[in-house]
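Dumping the structure here so I can ask a few things about it.
Heavy-atom basis, side chains included; hydrogens, waters and symmetry copies ignored. Residues: numbered from 1 along the sequence shown.
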Amino acid sequence: LRRSPGQVCFPGGKSEASDKDEIDTALREAKEEVGLQPENVEVICRLVPGIDKVNHLVTPVVGFIEDTFQATPNPDEVSEVFVVPLEYFIKPLNYEAMSYKNSAGHSTRMHCFIYDDQEHKKSFKIWGLTAHFAVLLALVVFGEKPTFEVDYDLDNLISSAEDDFINLYASIYERKKSNL
């Protein structure tokens with residue numbers, strides 16, 4: 001694909017003027033990218049936002065869909081679709097942490113998972129913001145300590161995630177301000 005070739009990500013993208021909010025954006029993008037009809041999604045919540053490598057604010061929207069959903073990938077945007085059990089993001093078979101310097105210059109831990117998909121007979125590398133959001137969601141859903149280290153206070157998960165986001169946002173803002 002011309003944009004982000006070889007990268008694994010959730011459906012999503014840039015908001016458009018017709019989108020009311022992040023939920024509208026997420027539902028529209030999921031329909032455009034994988035054929036998921038908005039009326040077939042029970043939106044549950046938004047997670048703590050993140051900031052991508054080019055400093056765009058990314059707000060994950062979480063919802064339930066039927067397990068019978070069959071994706072129809074838009075070949076202009078998606079090369080293939082696969083499913084990973086959410087529990088994999090707290091009990092992975094193949095995991096490594098990579099040191100990463102974020103756009104604000106702070107070192108942080110980047111999760112990297114290799115998932116062997118038996119259906120496609122292929123391995124997928126899941127890392128970066130996609131892995132970050134998958135780990136956070138798995139921690140919220142399962143409420144248990146993962147088999148690897150995370151940068152969150154697991155006793156105060158959401159507050160800890162919010163604090164991390166606010167600190168990252170503030171450091172990016174300060175860096176931008178100092179470059180003016």
Query raised in the report: How far apart are the closest heavy atoms of Leu139 and Pro146, and which atoms are they?
Result: CD2-CD, 3.6 Å

Query raised in the report: Of all residues at least two apart in sequence or in a different chain, which pass the ring-ring contact (aromatic ring centres under 6.0 Å, His included) check with Phe10?
Result: none

Query raised in the report: Honestly curious: do Leu137 and Ile44 fall in one hydrophobic cluster under the side-chain, below-4.5 Å linking rule?
Result: no

Report task. Could you pull out all residues at least two apart from Ala30 that satisfy side chain to side chain contact (heavy atoms under 4.5 Å, CB included)? Result -> Pro11, Leu36

**Report entry** Rounded distance (nearest 0.5 Å) linking atom CD of Glu33 with atom NZ of Lys31
**Finding:** 13.5 Å

Query raised in the report: Are Val58 and Val8 connected in the hydrophobic side-chain network, where two residues link if heavy atoms are under 4.5 Å apart?
Result: no

Report task. Is it possible for you to say whether Met98 and Ile114 belong to one hydrophobic cluster, with membership spreading through side-chain heavy-atom contacts below 4.5 Å? Result -> no

Query raised in the report: What residues form a side chain to side chain contact (heavy atoms under 4.5 Å, CB included) with Glu149, not counting sequence neighbours?
Result: Arg109, Lys145

Report task. Given side-chain contact (heavy atoms from CB on, under 4.5 Å), test Val150 with His111 step by step and report yes or no. Result -> CA-CA 9 Å; Val150 293; His111 304 291; 4.0 Å; yes

Query raised in the report: Could you give the distance from CD (Glu87) to CZ (Phe142), rounded to the nearest 0.5 Å?
Result: 5.0 Å

**Report entry** Non-neighbouring partners of Thr25 that pass side chain to side chain contact (heavy atoms under 4.5 Å, CB included), sequence neighbours left out
**Finding:** Ser15, Asp19, Arg28, Glu29

Requested in this report: Quick one: list whatever passes ring-ring contact (aromatic ring centres under 6.0 Å, His included) with His132, sequence neighbours left out.
Outcome: none

Query raised in the report: Is there side-chain contact between Asp116 and Leu93, with heavy atoms separated by less than 4.5 Å?
Result: no

**Report entry** Minimum heavy-atom distance His56-Asp52, with the two atoms named
**Finding:** N-OD1, 2.7 Å

Query raised in the report: His120 side chain to Val81 main-chain N or O, any donor-acceptor pair under 3.5 Å?
Result: yes

Report task. With rounding to the nearest 0.5 Å, note down the distance linking CG in Leu136 to CG in Leu47. Result -> 5.0 Å

Query - Other residues, nucleotides, ligands: >12 heavy atoms within 6.0 Å of Glu16 CD - result: yes

**Report entry** All side-chain hydrogen bond (donor to acceptor under 3.5 Å, both in side chains) counterparts of Glu144, not counting sequence neighbours
**Finding:** Lys91

Report summary line: Residue pairs meeting salt bridge (Lys or Arg N to Asp or Glu O under 4.0 Å), one or both in residues 57-72, sequence neighbours left out, come to none

**Report entry** Value rounded to 0.5 Å, distance of CD1 in Ile51 from CG in Leu57
**Finding:** 6.5 Å

Query raised in the report: Is there a side-chain contact between Glu80 and Pro73, using heavy atoms and a 4.5 Å cut-off?
Result: no

Report summary line: Heavy-atom closest pair (Pro49 atom, Pro60 atom, distance to 0.1 Å) is CA-CD, 4.0 Å

Query raised in the report: Taking only residues two or more places apart in sequence, or in another chain, which ones meet Phe133 in a ring-ring contact (aromatic ring centres under 6.0 Å, His included)?
Result: none

Requested in this report: Tell me, please, which residues at least two apart from Val83 pass side chain to side chain contact (heavy atoms under 4.5 Å, CB included).
Outcome: none

Requested in this report: Sequence neighbours left out, what pairs pass ring pair (Phe, Tyr, Trp, His ring centres under 6.0 Å) with at least one residue falling in residues 64-92?
Outcome: Phe82-Phe124, Tyr88-Tyr115, Phe89-Phe113

Query raised in the report: Quick one: which of Val61, Ile65, Val62, Ile23 gives a side-chain contact (heavy atoms from CB on, under 4.5 Å) with Val41?
Result: Ile65

Query raised in the report: Which distance, rounded to the nearest 0.5 Å, do you find between the SG of Cys9 and the CG of Leu129?
Result: 10.0 Å

Query raised in the report: Going from CG on Leu27 to CD on Gln37, what distance comes out if it is rounded to the nearest 0.5 angstrom?
Result: 10.5 Å

Review item, side-chain donor-acceptor pairs of residues 157-167, under 3.5 Å, at least two apart:
unit_1	atom_1	unit_2	atom_2	d
Ser160	OG	Asp153	N	2.9
Asn167	ND2	Asp163	O	3.2

Query - Residue list, salt bridge (Lys or Arg N to Asp or Glu O under 4.0 Å) with Glu96, at least two apart or on another chain - result: none

